[in-house]
Each structure stands twice: as structure tokens, then as C-alpha cells.
Amino acid sequence: MSTPYQQNAKTPAGPIASTPAGATWGGFRGLLKQYSGAAAGYSLRKIGNGPIVRLRSASDNAEKDFYAGDLTGSSEGSELVTNGDFATDSDWNKGTGWSITGGQAVCDGTQVSVSQLQQNGIISSESGVYYKITFTVVACSDINNAGTVIDSAAIQKFTSVWGVGTLGTYSAIFRTTGSNTSFAFYAGAGVTLTLDDVSCVEYTPSTAELWALNDRDKAARQDTHSAYATTWYDQSGSGNNATQSTAASQPLLIRAGVTNTENGKAALSFDGVDDGLIFSGPISASASDYFGTVVGAVSAGGYVVYGSNASTILGFNANSGYWSGTPHGTDTWKSSTQQLSTWSLVATDQAATFINGVDDQSGLTYSQQEWGTVANECSIMFRFNDISHSTGNLQEVIVYPSDQTANRIGIETNINDHYGIY
């Protein structure tokens, strides 16, 4: 199988004045160039032309366009924390009230002042070094009086410094100031705290992550140092960009300086409450065939891709936790065995719905109807009138207004070669 990526093409030695006309870069010209005619193509990788996403910075509401290369290039160093999963009672210096038991670090609240769980000396004493920290707050009696002591002699509250206000697993970037090499968690007087899965690695942020961090020293906040998609650009050349002007409804791409990913690749995160993107124009003006693909891991909700006109839906609906397929708007739903929570490549045409290359709708008969004929009534991860929002990650959505059955395997192969889904 040929590898359809530019980085795998061997570049001749010496300067190149220009790219030769019709160059294929390893036999493939790019998904939307090789299989042209798409009505819309949204992706967080380069599949066509132009920038791929416009982001809004949560720290100052500034907006900026980013290309595919701006979302890649981050790198992680080796793990610096020893026994971060608390599998043994070792490696951590435990203050009053702290113990390691049952695979977790627990502070029992018997301390009469601030008490720390330490593993100092693992971060640099130099300023300007980036790290990514990950930790799980399993339980806490007062999260406003617990937090960290990192790169400082002062405590850093989960709430006011990290923007962490509830239990859960969090990742964030911090940049050293050169104050000291402390790395510790703390609980205030009488506060109970349970931690798990602590990690710290040296980190090189991507261009987009650095922009979201906005030159932040120390801890990046979960709420402030994040970035949300205002526009998912149509790379097909059709100009059918997917947009969201309401800040609270914009899907997240970067949180606390860390890009949201699915299987190691950038992914937009939709909250299932009010997040969603709207196509800028209709897809089809006639009762023609269509073909579409979606890549993502959707865990719950309603519509994944919706088109106006007689409630026609592009291929599938998140129905009772399963993928269901209804090409061309027929009312016969078929719940498949494919769980929504499974990361999937779904391709649908006028005759079948394929999940990870397997026909899941064979034998059903579909009528041909117009799909997405009204501007502002075609949407991603919800129905255009603000109902049936879906929860999960989305990485790529491609819609053709014409039958692409003959090209399905080629399109799926290109997508799967990049994402490694099945």
C-alpha cells in the first residue's frame, strides 16, 4: 500500500524553485484533491486548501486562524514522577495525615495546618521550561483549600490557580520561573484529599498551544488558558465553513494549554449541552445522491450531522447510545451493534452505512431526498434549532452532494491510514 502523506515523500537534494505541476507526493494528491467535488470538508488535518480552524482564546477573546501544522509538533519527555499511580508506599515524602493506600494517596484531615505530599527535585531550577502535569482528584472535602506547591514556596489552590473546581482528571501546562524545584500537593487544615495518577513530563507546546497559553508563567488555568473553535474551515473550496458565534456553544480544542486528542490526534470536544457548529450554506438543491464520512468518538446525545428538509440526516443519529443509519431521510432506523463511544470511521451513501469498513445497513432500501437545502439549517453535533446536542470528540466530517460509492474504499483508506482507526 502506498503511503499518502507528503512527509513520506523523498525530497530531492538541493533547492526546489517550485512544486512541479501535478505532483502527487507519494501517489496521493490530498483527499479532497484526489476525490474532488465535496460540498464541504472539515478536518483537523490538511485534506484540502487553506487554514483548518479559527480559534478564540479564552484569556482575552482574541481570534486567530491556524493551519494543520500549527496543531502538531508538541512533544513529551519521559515521565519524571516515580510511583505516580501510588502502587506502592514509596518515593513520596508524606506530611501529617498523608498515607498511600489502596493505590491512592490519601490525606485524612487530621493535620492542624497545611500538609504536603512531596516529590521535589523533579523539575528544572531554570526559568522558562514547560511541563505538562496530569492528576486525578478522586475526593476532596474542600477543594478551595487544597492544591499544589510547584516551582514556588507558595501554595497554589486548585480553584484559583489551576481553575479546577470539581473532582476529576486534569491536565495542564506550567512554565517554570526558576524559583525552586518543588513538586508537591497540599491539603489545608482539616481537609481530606484523595489523589491518583499523578504525572509530570517536560513538554514542548505546539504553535496553537503557545497561543492559548498567552505567555502564562506557572500554572495554566483550565478555564482561562483554553481555546475554542469559532470556525471549522471548509477545505473543499466550496466555502461552506462551519461556524459558531456564541462563545458558550463553541467546541473546545485546547484546555489549559493542552490540545484535546482522540487516539493521539487533535479532536474538537463537544459538551452535549449547547456546543455545535452551523454550515454557512446548503449542501444540495436537488434530490441527488450523497456520500459522507465522519471520524470521531461520540458518547451520547442526538444528531451528529444534520441537514434541513424533511429532517434528513447525514447517515446516522445517536439513538439510545448506538449508531443508527438513515441515508436520505427515510424514517426507518436501524440500530447497529456499533457503540457510539467507540472511535469510528463512518461512511454512508444512498444504499448503506459502513462502520470501520463494514456494511452495517446492507439490504435496506432508501429513498432519495434533498439534503441540507436551507442555509443555516445544516449543523454538526446538534440539530440546527438547538436541540439534540451530542457529546464527544470529532476530527473530520466530509460531505459530497453526489454518489461516491466507487471511491468509498479509497476515501476510507486515506482517512484510516492517518487516524489508525481499524
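Quantities reported herein were computed from a predicted structural model and do not represent experimental measurements.
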Is the shortest side-chain heavy-atom distance between Cys200 and Ile123 below 4.5 Å? yes
For Thr391 and Val298, the nearest pair of non-hydrogen atoms, with its separation, is O-CG1, 3.3 Å
May I ask you to decide if Asp151's main-chain N or O and Ser182's side chain share a donor-acceptor pair within less than 3.5 Å? yes
Tightest non-hydrogen contact, residues Thr159 and Gly165, listed as CG2-CA, 4.2 Å
For Glu76, salt bridge (Lys or Arg N to Asp or Glu O under 4.0 Å) partners two or more places apart: Lys132
What distance do Ile421 atom CD1 and Ser344 atom OG have between them, rounded to the nearest 0.5 Å? 7.5 Å
Identify, with sequence neighbours excluded, every residue that meets ring pair (Phe, Tyr, Trp, His ring centres under 6.0 Å) alongside Tyr42. Trp232, Phe279
Partners of Trp98 by ring pair (Phe, Tyr, Trp, His ring centres under 6.0 Å), sequence neighbours excluded? none
If you count every heavy atom of other residues, nucleotides or ligands that lies below 6.0 Å from Ile409 atom CD1, does the total exceed 12? no
So, does Gln235 use its side chain to make a donor-acceptor pair with the main chain of Ile47 at under 3.5 Å? yes
Any side-chain heavy-atom pair of Lys33 and Asn49 under 4.5 Å: yes
So Thr230 and Ser245, do their side chains get closer than 4.5 Å, heavy atoms only? no
Are side-chain heavy atoms of Phe270 and Leu277 found at a separation under 4.5 Å? yes
So, Thr136 and Thr169: side-chain donor and acceptor under 3.5 Å apart, yes or no? yes
How would you list all residue pairs meeting ring pair (Phe, Tyr, Trp, His ring centres under 6.0 Å) that involve residues 202-228, not counting sequence neighbours? Phe66-Trp211
Find the distance between CG (Leu210) and CG (Asp70) and round it off to the nearest 0.5 Å. 10.5 Å
Any donor and acceptor pair, going by atom type alone, linking the side chain of Asn416 with main-chain N or O of Tyr422 inside 3.5 Å? yes
Given side chains that start at C-beta, do those of Leu345 and Thr293 come closer than 4.5 Å, heavy atoms only? yes
List the residues meeting side-chain hydrogen bond (donor to acceptor under 3.5 Å, both in side chains) with Asn385, not counting sequence neighbours, and say none if there are none. none
Heavy-atom donor-acceptor pair, Arg255 side chain to Val258 backbone, under 3.5 Å: no
Could you pull out the closest heavy-atom pair between Ala229 and Leu268, with the gap in Å? CB-CD2, 3.8 Å
Applying side-chain hydrogen bond (donor to acceptor under 3.5 Å, both in side chains), run through Thr148 and Gln156 and close with a yes or a no. CA-CA 5 Å; Thr148 63; Gln156 300 132 1; 2.7 Å; yes
Report yes if some heavy atom in the side chain of Tyr186 is under 4.5 Å from a heavy atom in the side chain of Asn145; otherwise report no. no
Quick check against the 3.5 Å criterion: does Gln244 have a side-chain atom that pairs as donor or acceptor with the backbone of Thr246? yes
Apply ring pair (Phe, Tyr, Trp, His ring centres under 6.0 Å) to Phe185 and list each qualifying residue two or more places apart in sequence or on a separate chain. Phe135
In chain order, what residues pass the side-chain hydrogen bond (donor to acceptor under 3.5 Å, both in side chains) check against Asn393, with sequence neighbours excluded? Asn260, Glu262
Val304 and Met381, any side-chain heavy atoms less than 4.5 Å apart: yes
Can you name the residues that form a salt bridge (Lys or Arg N to Asp or Glu O under 4.0 Å) with Arg221, not counting sequence neighbours? Asp223
Can you find a heavy atom in the side chain of Ile278 that is under 4.5 Å from one in the side chain of Phe382? yes
Asn263 backbone acceptor or donor facing Tyr419 side chain under 3.5 Å: no
Please report the interatomic distance CG(Asn414) to CG(Leu32), rounded to the nearest 0.5 Å. 9.0 Å
Does a side chain donor of either Glu209 or Thr259 reach within less than 3.5 Å of an acceptor in the other side chain? yes
With sequence neighbours excluded, what pairs up with Arg175 under the salt bridge (Lys or Arg N to Asp or Glu O under 4.0 Å) test? Asp215, Asp217
With distance as the sole test, does Thr176 use its side chain to make a donor-acceptor pair with the main-chain N or O of Val129 at under 3.5 Å? yes
Residues forming a side-chain hydrogen bond (donor to acceptor under 3.5 Å, both in side chains) with Asp65, sequence neighbours excluded: Arg54, Tyr233
Residues that Glu202 engages under salt bridge (Lys or Arg N to Asp or Glu O under 4.0 Å), provided they are two or more places apart: none
Report the C-alpha separation of Ser141 and Thr192 in whole Å, then their side-chain angles, then the decisive distance to 0.1 Å, and conclude whether the side-chain hydrogen bond (donor to acceptor under 3.5 Å, both in side chains) test is met. CA-CA 5 Å; Ser141 63; Thr192 61; 3.3 Å; yes
Looking at residues at least two apart in the chain, or sitting in another chain, which of them share a side-chain hydrogen bond (donor to acceptor under 3.5 Å, both in side chains) with Asp386? His389
In Å, rounded to the nearest 0.5 Å, how long is the span from CD of Gln118 to CD1 of Ile150? 12.0 Å
Check: Asp234 main-chain N/O paired with Asn240 side-chain donor or acceptor under 3.5 Å: no
With rounding to the nearest 0.5 Å, note down the distance linking CH2 in Trp162 to CD1 in Ile143. 13.0 Å
If you measure only the distance, is there a donor-acceptor pair under 3.5 Å linking the side chains of Ser249 and Asp275? no
In this structure, OH of Tyr130 is separated from OG of Ser75 (nearest 0.5 Å) by 13.0 Å
Of all heavy-atom pairs between Ala187 and Cys107, which one has the smallest distance, and what is that distance? CB-SG, 3.9 Å
Grab the two heavy atoms, one from Ser152 and one from Lys218, that are nearest each other, plus how far apart they are. OG-NZ, 4.5 Å
For the backbone of Arg45 and the side chain of Ser43, can you confirm whether one donor and one acceptor N or O come within less than 3.5 Å of each other? yes
Answer yes if the side chains of Ser206 and Ser74 hold a donor-acceptor pair under 3.5 Å, and no otherwise. no
Nearest heavy-atom contact between Ala38 and Ser238 is O-OG, 2.9 Å
Main-chain N/O of Gly48 paired to Lys46 side chain as donor or acceptor, under 3.5 Å: yes
